[in-house]
Student: 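This is the structure, below, for whatever I ask next.
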Amino acid sequence: MNLDFSPQELAFRNEVRAFLAEQLTPEFAFAGRNCAGIYCELPIARDWFRVLAAKGWSVPHWPIEYGGTGWTPAQHLIFKQEMARADAPPLSPNSTHMVAPVIIAFGTDEQKAHYLPRIRSGEDWWAQGYSEPNSGSDLASLTLKAERDGDCYVLNGSKIWTTHAHFSNRMFCLVRTDRSGKPQQGISFLLFDLDLPGIEVSPIISISGDHELNQVFFNNVRVPVAGLIGQENDGWTVAKYLLRHERSSMWSPLLRARLERIKAQSAGCDPALQLRIARADMRLSALEVSELRMLFEEMDETRSSLMSSISKVSGTELRQEITELGVSLAGRDAIRMPDRPEQTGRGVAVATYLNDRAASIYAGANEVQRDIIAKIMLR
Amino acid sequence: MNLDFSPQELAFRNEVRAFLAEQLTPEFAFAGRNCAGIYCELPIARDWFRVLAAKGWSVPHWPIEYGGTGWTPAQHLIFKQEMARADAPPLSPNSTHMVAPVIIAFGTDEQKAHYLPRIRSGEDWWAQGYSEPNSGSDLASLTLKAERDGDCYVLNGSKIWTTHAHFSNRMFCLVRTDRSGKPQQGISFLLFDLDLPGIEVSPIISISGDHELNQVFFNNVRVPVAGLIGQENDGWTVAKYLLRHERSSMWSPLLRARLERIKAQSAGCDPALQLRIARADMRLSALEVSELRMLFEEMDETRSSLMSSISKVSGTELRQEITELGVSLAGRDAIRMPDRPEQTGRGVAVATYLNDRAASIYAGANEVQRDIIAKIMLR
Amino acid sequence: MDFTFTEEQQMLRASLRRFLADRYPFDQRLAASRSANGLPSGVWAALANELGLLSVGLPEDHGGLGGGAVDHMIIMEELGRVVALEPYLETIVIGAELLSRCGGTTAQGVLAGVVSGEILLASAFAEAGTELDLSHIATRAERKGEGWRLSGRKTLVTGAPWASQLLIAARTSGASGDASGISLFLVDPALPGITLDCCATIDGRRAADIAFDDVHLAAEALLGEEGKALPLLDEVTDRAIAALCAEAVGAMGHLLEATVAYTSDRKQFGRDLASFQVVRHRMADMLIEIELATSAVYMSTVRLDGPAQVRKLAASAAKAVVCAAARFVGQSAVQLHGAMGMTDELDIGHYFKRLMVISAAFGDADAHCARYLSLSVDKG
Amino acid sequence: MDFTFTEEQQMLRASLRRFLADRYPFDQRLAASRSANGLPSGVWAALANELGLLSVGLPEDHGGLGGGAVDHMIIMEELGRVVALEPYLETIVIGAELLSRCGGTTAQGVLAGVVSGEILLASAFAEAGTELDLSHIATRAERKGEGWRLSGRKTLVTGAPWASQLLIAARTSGASGDASGISLFLVDPALPGITLDCCATIDGRRAADIAFDDVHLAAEALLGEEGKALPLLDEVTDRAIAALCAEAVGAMGHLLEATVAYTSDRKQFGRDLASFQVVRHRMADMLIEIELATSAVYMSTVRLDGPAQVRKLAASAAKAVVCAAARFVGQSAVQLHGAMGMTDELDIGHYFKRLMVISAAFGDADAHCARYLSLSVDKG
């Protein structure tokens, strides 16, 4: 048992730091630091992604044959920590961490050849089509209709809470191709372009005033069958695979960066607030080790599911606690209407707090995560 | 809207204070202050009760014809506040507040004439027979069997968590006289003496080491039918009446006395602990007003049920918070095994904390109370 | 000991609630908050003239009906239920109360305009970090001939962009921290040397950062006695706190009702959301918090006319209890609405943000906890 | 970066768990805790000789196997699972570690007896209120001829009634608050002038208030260098904290398992208790707290051999996180067991009380929060 990096790992850390010192311009860091949403917006996000791509670091976790780096877990950890610490713009995982692993696991050679290089280079930007107006945490109840007609599926219905759809040119989507069986059956996993006729992307403004989310309407949209991933009606298997893959996400590096920024501003503040900051700090240091354990401990499928839900709950709730500290620290100044903080820096504390209320709702509401934890524990 | 007492009320308060100054001896106050359980033990509790009885204040809330005082709500409030403030021994409500109102409402003239004077004088001391080993918060599932045989019921089974049964000479009891209908049907409300043949009172030691609770075993116990209250199989109606009557209980006077004692000892203590004390103090001051509102606001049955459950939850949880402050304040000294604090004063903080863990369990677990609140709110 | 409302108070609540239900639909409120001016047109005038609301709480010898703090509480709670934009707090609870307490011809004249709905007011006592200790404000006014010269800055003065008169606290003598030497001035925001930097606040209302650069004030601008304003400002701060807490109770009441309605309607996993026990218990806890908050508001309201120590303790307890409730109720309402609660379209987020603003006003929960602690120690 | 246990460590855990499952049933533990002596007979000897456990974590040059902090962590966690009474913390983690670090002939001799299971130790550094600042202890030892005279009081010295040797910290020079001038002594509790006032603690263990009235100590009683003990005592305090936190994780693990089992079995309103969503979520939260506590323990354990600042921060974080977890897990276990959880008969309450003792030892959560804060500020 050992929490220190090896000399090789420290050397790698120096390499990452040197890269960041050179390539992460003040503009990138400003946007990263003042990103009040989940991810930075385009064009800054894409510009930064292309810097990473040029270095060969845009998709480090992919298999080497598709452009991954073959890093050890410790290297991935170092990369994440250093990126967060340097205020690199947070990037959406849709393309690199969600659809790409699915294409690698289930895609045909044509699909791989077509999509993967464009993801790796930053040319393509993907949106996720999962939630529907009447189907949130209960994903299996989705109804977006896809009827086969020749070499196309005809899509009717809508997807909602589609983050950054207005920046994306492609979408991966769960659609209903059969409604005769159980809800989990009859779902298919489909890829298509967002500029197809009949698709309308309609903004949803969040309580922070930001436009991150969208509703996407489908009106007789003809999607080529070539976009089908895996078998028709077998999309649930694909979705579950993706869910497992998502589990590598770590909350603590970003939280550490945020909390250190708060600590740096907290000298002389209200003693009760200082105690709250210290408590969050101590809890974060425990979460950091928990996330290291997820990365380094061997676990079976059950334990891995359990830890994933535990990490979602504790990571998001600590995230909310920390952004709330930011609001307390800002005092009355936090009541100013935030004004596009990613570009102006104004109101980032309050906008972040407001946006982060969603952290316990998205990606499987924390109530659902607790249901999962209990179910595993009680079986 | 006015939170002040009238001149008449202030005069009454002086009368109560004068009475306490004269009659509440240091021994009584010592026992009251160091009572780590819910109520003081006999003989001290009975001795104090008899002092109250001599003054005519042992059953102030009863109708005047049976020996009540006819006080206004404000007078009842003042009496409770002053008793708590002076560290008067907390008394069990079993006799005066539970079985007596039931006898007054449902009893025959004979039952009233037999039981009420003995309660008022402190001659009789009653135990409550509600919970059973497999029937806690779900009271309607009780199974203690009472079979009619001539002019007796024959009781078999057991009651559990019977507070102070070892100090009591009588018991009121919910028994099952019919098992054919719904669980709430077929229950009867029965009074009897605890020295009947076949009754065995077996102590249950609690985690504080105290003996407050008992299990009471019934082995072919012959209870005279004369002890039946109301109609056979109609005990659920009686039990519900009692539950409504119980609602007049106030948590805040005792909590105020405890918290003021903690505040008096807290000078110079850890700043985090001081903040916790201040928060509890502020919350208690809100609870005090809530309990005044329950006493003085007109409410219908629904609102009264709702407020009763709200008061149970917030009162008990604040009680637990305050006793926990006592443990924090005691520091490492709280690890000493408490040694009959009511008699010795030793370990009262820790014993109170341990016993008070039950506050969120007894009298309808707080989970059940929240179910009730939600049910009322959602209908 | 009396917890009943008078018949007049019950009628006041009923008529205001009816008026707001008719005339204050949320979509119009939202549109108004985004308009240039930021207020729905006609509502304030209707409150003044149709309902005669603005005089209800004011002293009788100043054209009011003498209702006092309980009436303010009722009105603020009802305004909170519809997350109203109108500056009742700024103009009436703070502004008119200050004017009527200071008295004098100037004040009388302005009060008449306030009651008739023609004059809106805004006030600035505190500066950053001095919310609960006004003896440390840095704005100064110096005698200059017959009048005064005012210099300093006040940030985030809520309602200032709407106000035709400002009530400004400044030090006229003594050093920072002295209890005496603070004075109150009535200031026309159009005077030379005054700059208003207006902004919207997260609750859709308006505020301004105000700079006073050597502003010439006439002698009559001084309200009340020179250098003696601090106790009055302290008292009015507690009145503002009690009123804001009442508003918060109204807002929380709406959030709980909306959450009960939404979860009863919304399906998840084939069942009503409201059938899930954790959802039910969370709503039960919301109600518990609101009940305690309501009691805390009663207490602070009734204590406003009592001794300063008792009044301050009650105000701080109310603010701390209400902030804790507002945090829990607001966060729970958003959480139980799921992603819908995160949208600008629903009213939930707007109530949530109004509660944030209330929590940050006149000292946050931590600040009031500290004040309560230090006052308790003084007392003990 | 390595989160695996060595094969030896895995075997250590497995064999100790097996031993305790066989030889440490709860009813015998309870009976022993109520016996005059307070310890189950034979267990300590078996740990020493059958399992060779007592030498596992000690340095190799002192007869140990060199396992160190991670081995102590494993052992304490397993002892925590059975809420063991044995003074492994007092004798090994604190006592033997101190002796082996001080070195010297006296220490070597005692260590041999410790490893063989013949000698139990107890230590007293802190006095009331000095848990985390030992420079303020009031016990003093003064040179007298070749030896020392010791005077002072130590309260609630856990394990003292069992110990044949005591390790006592006293000031030998300087003034209260000075970093230097604290020394450590090995003291035979049978010496004239020593009074042990023994008591039971709520966890069923034993402690004593000890008075030293002009006790004559031989020169060899001094362990290590005169006046230089403070850094060592600070370090061993953090070792004790990490070990106690590991014990707490073991105890919490048992509480959660027992609660899952009980709620799966117990019926309420015709259903398993464990089918109620609020019960399920509360158990999920218990698990979350235990996972975070486990991580905090790993961190503090691994940091024990690092620089003092890093070590202290990690120990304080662990103590605060573990205390919070212990509070929530303990209270939840009692609550979910209902009235049964309140009885002396079930093991639940005994684990609950052990967790209270652990939480109060070597500084409570508030104290460690304050220490963490002050250390962070120093660092920043």
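Predicted, not measured: the structure shown is a model, and the values here were computed from it. Lettering of chains follows the sequences in order, A, B, ..., and the numbering in each one begins at 1.
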Student: Taking the side chain as every heavy atom from C-beta outward, state whether Thr343(D) and Ser206(B) have any pair of such atoms under 4.5 Å apart.
Tutor: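 Not in contact.
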
Student: Can you say whether Ser131(B) sits under 4.5 Å from chain D via the side chain, the backbone, both, or neither, judging by heavy atoms?
Tutor: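 Neither part, no heavy atoms under 4.5 Å.
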
Student: What residues of residues 346-355 of chain B sit under 4.5 Å from chain D when you count only heavy atoms?
Tutor: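 Those residues of residues 346-355 of chain B which have a heavy atom under 4.5 Å from chain D are Val350(B), Tyr353(B), Leu354(B), Asn355(B).
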
Student: For the CG atom of Leu156(D) and the CD1 atom of Ile335(B), what is their distance to the nearest 0.5 Å?
Tutor: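 Answer for the CG-CD1 pair, Leu156(D) versus Ile335(B), is 5.0 Å.
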
Student: Between the side chain of Arg357(B) and the main-chain N/O of Met342(D), is any donor-acceptor distance below 3.5 Å?
Tutor: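 No.
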
Student: Which heavy atom in Gln335(D) sits nearest to a heavy atom in Ser360(B), and how many Å separate them?
Tutor: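 Taking Gln335(D) first and Ser360(B) second, the nearest heavy atoms are OE1-OG, 2.6 Å.
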
Student: Do Cys199(D) and Met337(B) have side chains that get closer than 4.5 Å, going by heavy atoms?
Tutor: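 Side-chain contact under 4.5 Å: no.
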
Student: At a 4.5 Å cut-off on heavy atoms, which part of Arg354(D) comes close to chain B: side chain, backbone, both, or neither?
Tutor: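 For Arg354(D), neither part sits under 4.5 Å from chain B.
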
Student: Where on Asp210(B) is there a heavy atom nearer than 4.5 Å to chain D: the side chain, the backbone, both, or neither?
Tutor: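 Nothing of Asp210(B), per the 4.5 Å heavy-atom cut-off to chain D.
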
Student: Evaluate Arg332(B) against Thr158(D) for side chain to side chain contact (heavy atoms under 4.5 Å, CB included), listing each step before the verdict.
Tutor: CA-CA 11 Å; Arg332(B) 260 195 93 222; Thr158(D) 59; 3.7 Å; yes

Student: Under a 4.5 Å heavy-atom cut-off, does chain D meet the side chain of Pro133(B), its backbone, both or neither?
Tutor: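 For Pro133(B), backbone heavy atoms alone lie under 4.5 Å from chain D.
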
Student: Heavy-atom distances under 4.5 Å only: say whether Asp333(B) touches chain D with side chain, backbone, both or neither.
Tutor: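 For Asp333(B), heavy atoms of backbone and side chain both lie under 4.5 Å from chain D.
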
Student: Using a cut-off of under 4.5 Å for heavy-atom pairs, which of Gln268(D), Gln331(D), Lys267(D), Met356(D) has the most such pairs with chain B?
Tutor: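 Winner by heavy-atom pair count: Gln331(D).
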
Student: Side chain to side chain contact (heavy atoms under 4.5 Å, CB included) between Met340(D) and Trp161(B): does it pass, once the steps are laid out?
Tutor: CA-CA 9 Å; Met340(D) 284 304 297; Trp161(B) 320 125; 3.6 Å; yes

Student: Does any heavy atom of chain B fall under 4.5 Å from the side chain of Phe352(D), the backbone, both, or neither of them?
Tutor: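 Interface part for Phe352(D): side chain.
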
Student: With chain D as the partner chain, list the residues of residues 266-278 of chain B whose heavy atoms fall under 4.5 Å from it, by residue number, and write 'none' if nothing qualifies.
Tutor: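 The residues closer than 4.5 Å to chain D, in numerical order, are Asp270(B), Ala272(B), Leu273(B), Arg276(B).
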
Student: Might you point out which heavy atoms bring Ala339(D) and Ile361(B) nearest each other, and give the distance in Å?
Tutor: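 It is N-CG2, 3.4 Å.
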
Student: At their closest point, which heavy atom of Ile207(B) faces which heavy atom of Lys353(D), and how far apart are they?
Tutor: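 That would be O-NZ, 2.5 Å.
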
Student: Counting heavy-atom pairs closer than 4.5 Å to chain D, which one of Glu324(B), Glu367(B), Arg336(B) comes out on top?
Tutor: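 If we count pairs closer than 4.5 Å to chain D, Arg336(B) comes out on top.
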
Student: So which part of Ala334(B) gets closer than 4.5 Å to some heavy atom of chain D, the side chain, the backbone, both or neither?
Tutor: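 Backbone only.
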
Student: In terms of heavy-atom pairs under 4.5 Å with chain B, which of His350(D), Arg266(D), Glu345(D) leads?
Tutor: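 Of His350(D), Arg266(D), Glu345(D), Arg266(D) has the most heavy-atom pairs under 4.5 Å with chain B.
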
Student: Taking all atoms of both residues into account, what is the closest heavy-atom pair of Ala360(D) and Gly331(B), and its distance?
Tutor: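 So the two residues come closest at CB-O, 4.3 Å.
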
Student: Using a 4.5 angstrom heavy-atom cutoff, name the option from Asp209(D), Val334(D), Thr155(D) with the most pairs to chain B.
Tutor: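 If we count pairs closer than 4.5 Å to chain B, Asp209(D) comes out on top.
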
